[in-house]
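To start, the structure itself, in structure tokens.
Count residues from 1 along the sequence.
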Amino acid sequence: MKVGIPTELSDEECRVGATPKTVRRLQKQGFEVFIQEGAGVKANFSDVHYKEAGAMLVDGSEKLFEETDIILKVQPLADAEIEQMHSGQVVLSYLYPAQNQVLLEKLASKGISAIAMDAIPRISRAQKMDVLSSMANIAGYRSVIEGANYFGRFLNGQITAAGKVDPAKVLVIGAGVAGLAAIGTAKSLGAIVRAFDTRMEVAEQIESMGASFLTVDIDEDGSTDSGYSKVMSKAFIDAEMALFKEQAKEVDIIITTAQIPGRAAPKLILDYHVAEMKPGSVIVDLAASTGGNCTLSKHGKVFTTDNGVTIVGKLDQLPAQASQLYGNNLCHLLDDMGKAEDFKIDMEDAVVSRAMVTHDGKVNWPPAPLPVSPQKPKAVEEAVSSVPKPSEAEIAKKKGIRSAITLAIIGAILYFLGMFAPADFMQHLTVFVLSVFIGWQVIWNVSHSLHTPLMAVTNAISGIIIIGGLLQTTNDLSDPITILAFIAILVASINIVGGFLVTHRMLQMFRTK
């Protein structure tokens, strides 16, 4: 099969459907790769690079569309490109199907099978094909870099001979892929980071990255089965707006990431929020292309308001990096579709059926909903909840009985051995058994979430080794037994200290500040 990569017609689009690296990967999948001359120039990939990778250069898009079976693009097909395509051809690109019904009908009437890469369902198996996540990761990173550039001073705090510089305060609204990437980047640059999201489930993710999770005093969760946020109640939105107003007075950079597929971006930063911000502050609106989260944002423009706030509605796409990740997503999807040898369109496949927006002359949009996390059957939940749980007193009573029985068995065994074993042996055995029993009880009562091999097992054994080594030492430093005992004590002590240090560092990862 033949794969074609045309030049993107949009002047603003710098990405390309394949890079020299993904060209080599496509060839390993069994495809012949054709690329239009100059297709990768904006992404800093010359025709020479593609030729060295094994791609065949084609002069003009008409010949490219005519000779290939699969087209890999970034932006949706233009009318002129659809005219050059033929029935049965497959195209993989952004299509924005919820907003481009006319385009879908044109593709269906032409007999083209179109896969909307922006409609890949967000399920675990499809993560490697999720172009929205790939591009959002870049956008989140880049939003901090460009925000810092327009902000014009350090993000991290510094103490110099000339005076103290306070760290910048960054507010990230929306903790999806882009938001988390922005949080990580801003935190790594030394800023004080705060984040807001309507989904309570992301609170731990935000705090684990060192940012503060902001919320409102209304018990309402914005999580949905689709993985996106739902529209919140008026009371929640009012409280949200009040929170943003207070934060606008304090923070230096606001990064907004909230977008809803097929709909205009929700308005989160209003004109009175911008009016509260300090001169020199920056708003980076990652949703500018879909209307903007800020009411003052202008798509593709960077401007400064009358009160000195810079609003960024345009980001550098990092075209080379973005093209590589996008190309990888395409290759993963072609892998799942059977590569060149067994390529097929399986409409029973959960990913293909939902992303294949046109096939066999029909429009397949909107697809059937596919929850990210399947809900448990209510019958099972009711059955589980109907089982009575034992009280704490009953649990403690059972533990006490088990401990008493264990001690009784151990006592009986020791008594039986005492009738026949030497006195010295019984003394050592009794100390050993009691030490193990007490150590086991101490470890068993520690929460399982705190168990680590170094602390729960190794440290207990090392403690026994140290006690045994101390009992074997004498004043004779030339005694081999004393030397071995000293080495054992040293090694066991190092192990215990190291175990506690490692455990302490592990627990620090889960502590909130």
Would the number of heavy atoms belonging to other residues, nucleotides or ligands and lying under 6.0 Å from [atom1] of [X] be above 12?
X    : atom1 : result
Q99  : CD    : yes
K301 : NZ    : no
E37  : CD    : yes
K267 : NZ    : yes
K249 : NZ    : yes
F154 : CZ    : no

Keeping [X] on the side-chain end and [Y] on the backbone end, is there a donor-acceptor pair under 3.5 Å?
X    : Y    : value
E146 : D316 : yes
E8   : V74  : yes
D349 : V352 : yes

Measure the [atom1]-[atom2] distance between [X] and [Y] for me, rounded to the nearest 0.5 Å.
X    : Y    : atom1 : atom2 : result
L318 : I138 : CG    : CD1   : 6.0 Å
D336 : C331 : CG    : SG    : 12.0 Å
H359 : S353 : NE2   : OG    : 11.0 Å

Hydrogens and angles aside, do [X] and [Y] bring a side-chain donor and acceptor to less than 3.5 Å of each other?
X    : Y    : answer
Q75  : S10  : no
D271 : T295 : no
D252 : S281 : no

Electrostatic pair [X]-[Y], nearest N-O below 4.0 angstrom:
X    : Y    : result
D335 : R25  : yes
K51  : D47  : no
E81  : K73  : yes
R194 : E250 : yes

**Any side-chain heavy-atom pair of M337 and L333 under 4.5 Å** = yes
**Request:** Could you label the plane-to-plane angle of the F236 and F196 rings as parallel, tilted or perpendicular, counting under 30° as parallel and over 60° as perpendicular?
**Result:** tilted
